Peer 1: 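Structure incoming, see below.
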Amino acid sequence: MRDPQVIEAKLLGWYDRHARVLPWRAPPGHGPTDPYRVWLSEVMLQQTTVAAVKAYFERFTSLWPTVHDLARAEDAQVMAEWAGLGYYARARNLIACARAVAAMGAFPDTREGLSALPGIGPYTSAAIAAIAFDRAETVVDGNVERVVARLFAIETALPAAKPELVALASRLTPARRPGDFAQAMMDLGATICTPRSPACGICPLIEDCAARAQGIAPELPRKAPKKPKPLRQGQVWIGFTDNAVLVETRAEKGLLGATLAFPSAGWDGSDLPPPAPADWQELGLVRHVFTHFALDLTVYTARLQRAPERGRLVPLAGFQPDALPGLMRKAWALAREKTAAAAIHRDIKSL
DNA sequence: TACCCGTGGCC
DNA sequence: TGGCCAAGGGT
């Protein structure tokens, strides 16, 4: 039981017989894989679902077919295209990484070389080395942690269990087809060895799984208790002229760093006053949940007589709400809804 | 080590 | 409905 060669053979056999989870990844045996596309998709997939990534990946590869194209892109356009995907430090690191790779001429082809690049950590460096360069590196993401914890019935809670899980995964990693093996482990975790209600009945590794034998597969991996999420409150100001809207580019680092946004305060450490001069009217509340806190953001709007000292006016004709992060899209949607309603009321009164 | 850092879907 | 979860990295 749990012979690495047996597990490798069963897993790769299963992988070869089934559809791949990532629709854009070439099937095994279809020639070399473009490191640029592997890198881009792996960075987008960090803590992000395949369904959410798909359209962004297609859009990025269409706009920028090579890492050299991406390296030449303007920061603001990359940030705008990333808007909505979350974890915006990834986008900032993406730009820096593309430029570093372009300066080097090509992607490094070892895990160590890849690890030195911005936004490429233990997981992503191993994934690119294994998938794009056929190196026998051990790829450990959340799926692999779960599969290995169950296979060996590891009851230690994460994140303390991580080193042990990595060591066990390393023992399973084959010298041949390491990239396919990594993707097979992740696909197994995504489709069969799922967090809740794992489909053990159709699992190719059911005979090798210690947790299954003990009847505790759905309970693993155990996790350390989470901290409660505090509720924060803040204000956001959406100012208009006849043909423009007031926006700003947020600070380079921190929450929603370097994204396009409406001026706001009270929730992100900043305590700036509302843009002035303006007669701000309260429109309502937008709720949003971040990783470590929830937010109630009060939305204000005002007609501006001239450009305030904070932010910049951009023409409404060219304004793209899609270039905003999700929180700011919610505020914009509320403003549109409420101002439309107010306009209707005015129209009714005037009849 | 323990935080910080988004968003959408699912049950 | 609210907590959980997702191909993590930076500090």
Side-chain angles (χ1 to χ4, degrees), chain A residues 20-25 37-57 79 82-94 96-97 114-128 130-132 137-147 158-160 162-163 166 169 179 181-191 193-198 218 221 223-232 250-259 261 267-269 286-295 324-330:
Chain A
R20 253 55 69 189
V21 167
L22 303 185
W24 56 82
R25 197 86 96 211
R37 296 170 66 87
V38 174
W39 163 70
L40 182 59
S41 67
E42 293 299 343
V43 171
M44 286 183 167
L45 284 163
Q46 289 168 4
Q47 295 290 287
T48 309
T49 59
V50 174
V53 163
K54 190 168 186 292
Y56 284 85
F57 178 73
M79 294 307 296
W82 193 276
L85 200 54
Y87 284 139
Y88 297 95
R90 292 185 297 171
R92 288 176 259 133
N93 285 329
L94 192 80
C97 184
L114 290 160
S115 287
L117 293 165
I120 300 185
Y123 163 76
T124 307
S125 60
I128 299 171
I131 296 167
E137 300 290 354
T138 302
V139 179
V140 182
D141 75 331
N143 290 300
V144 177
E145 289 177 355
R146 187 169 56 254
V147 170
L158 285 168
K162 181 78 182 264
V166 169
F181 180 81
Q183 294 184 95
M185 289 282 279
M186 293 189 281
D187 281 14
L188 186 76
T191 60
C193 196
T194 52
R196 291 175 296 209
S197 312
K223 298 198 173 178
K226 306 196 170 179
K227 298 186 64 174
K229 274 182 190 175
L231 176 63
R232 294 189 194 175
R250 291 178 57 81
E252 181 69 18
K253 295 189 174 180
L255 278 158
L256 308 181
T259 64
W267 62 282
D268 56 357
V286 161
R287 295 178 193 281
H288 197 72
V289 180
F290 288 93
T291 310
H292 54 295
F293 66 92
L295 173 63
L324 301 169
L327 170 66
M328 295 293 161
R329 288 183 194 178
K330 285 186 187 177

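Order of the sequence lines sets the chain letters (A, B, ...), proteins ahead of strands, with each chain counted from 1. Every heavy atom of this structure was used, including side-chain atoms; hydrogens, water molecules and symmetry mates were not. In this text, all values refer to a predicted model and were calculated from it rather than measured experimentally.
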Peer 1: Identify, with sequence neighbours excluded, every residue that meets side chain to side chain contact (heavy atoms under 4.5 Å, CB included) alongside A:Lys229.
Peer 2: A:Val289
Peer 1: Say you pick atom P in B:dG9 and the same atom in C:dG9; how far apart are they, in whole Å?
Peer 2: 24 Å
Peer 1: Side chains of A:Gln46 and A:Asp141, heavy atoms from C-beta outward: is any pair under 4.5 Å?
Peer 2: no
Peer 1: Of A:Pro159 and A:Met328, whose nearest nucleotide on DNA chain B comes first from the 5' end?
Peer 2: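 The residue closer to the strand's 5' end, by nearest nucleotide, is A:Pro159.
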Peer 1: Taking only residues two or more places apart in sequence or in another chain, which ones pass side chain to side chain contact (heavy atoms under 4.5 Å, CB included) with A:Tyr87?
Peer 2: A:Gln47, A:Arg90, A:Thr291
Peer 1: A:Arg329 side chain to A:Leu324 main-chain N or O, any donor-acceptor pair under 3.5 Å?
Peer 2: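 Flag set: sc A:Arg329 to bb A:Leu324 pair under 3.5 Å.
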Peer 1: Could you check whether A:Val289 gets within reach of a base, just the sugar-phosphate, or nothing at all, counting any heavy atom under 4.0 Å?
Peer 2: base
Peer 1: Would you mind telling me which of A:Leu255, A:Leu256, A:Leu85 makes a side chain to side chain contact (heavy atoms under 4.5 Å, CB included) with A:Pro325?
Peer 2: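 Testing each of A:Leu255, A:Leu256, A:Leu85 against A:Pro325, the sole residue satisfying side chain to side chain contact (heavy atoms under 4.5 Å, CB included) is A:Leu256.
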Peer 1: Between which nucleotides of DNA chain B, 5' to 3', does chain A make heavy-atom contacts below 4.0 Å?
Peer 2: B:dC3 to B:dT7
Peer 1: How far does the C1' atom of B:dC5 sit from the matching atom of C:dA6, given to the nearest Å?
Peer 2: 15 Å
Peer 1: Taking atom P in both B:dC3 and C:dA7, what distance in whole Å separates the two?
Peer 2: 24 Å
Peer 1: Using a heavy-atom cut-off of under 4.0 Å over every strand shown, decide if A:Gly84 touches base, sugar-phosphate, or nothing.
Peer 2: sugar-phosphate
Peer 1: Considering residues at least two apart in sequence or located in another chain, which fulfil the ring-ring contact (aromatic ring centres under 6.0 Å, His included) criterion with A:Phe290?
Peer 2: A:Trp267, A:His288, A:Phe293
Peer 1: Can you tell me how far C1' in C:dT1 sits from the matching atom in B:dG8, rounded to whole Å?
Peer 2: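 About 15 Å, rounded to a whole number of Å.
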Peer 1: What does the B/S/- profile of nucleotides 5-11 of chain C look like, 5' to 3', with a 4.0 Å heavy-atom cutoff to protein?
Peer 2: SBBBSS-
Peer 1: Using a heavy-atom cut-off of 4.0 Å across all strands, would you classify A:Leu85 as base, sugar-phosphate, or nothing?
Peer 2: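 Base, at least one base atom sits under 4.0 Å.
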Peer 1: Hey, does the side chain of A:Asp187 reach the backbone of A:Val21 with a donor-acceptor pair shorter than 3.5 angstrom?
Peer 2: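 Yes; judged by distance alone, with no hydrogens or angles, the pair exists.
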Peer 1: Can you list everything that forms a side chain to side chain contact (heavy atoms under 4.5 Å, CB included) with A:Pro122? Sequence neighbours excluded, please.
Peer 2: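 A:Arg111.
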Peer 1: Should A:Arg250 and A:Asp268 count as an ion pair when the cut-off is N to O under 4.0 Å?
Peer 2: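 Yes, this pair counts.
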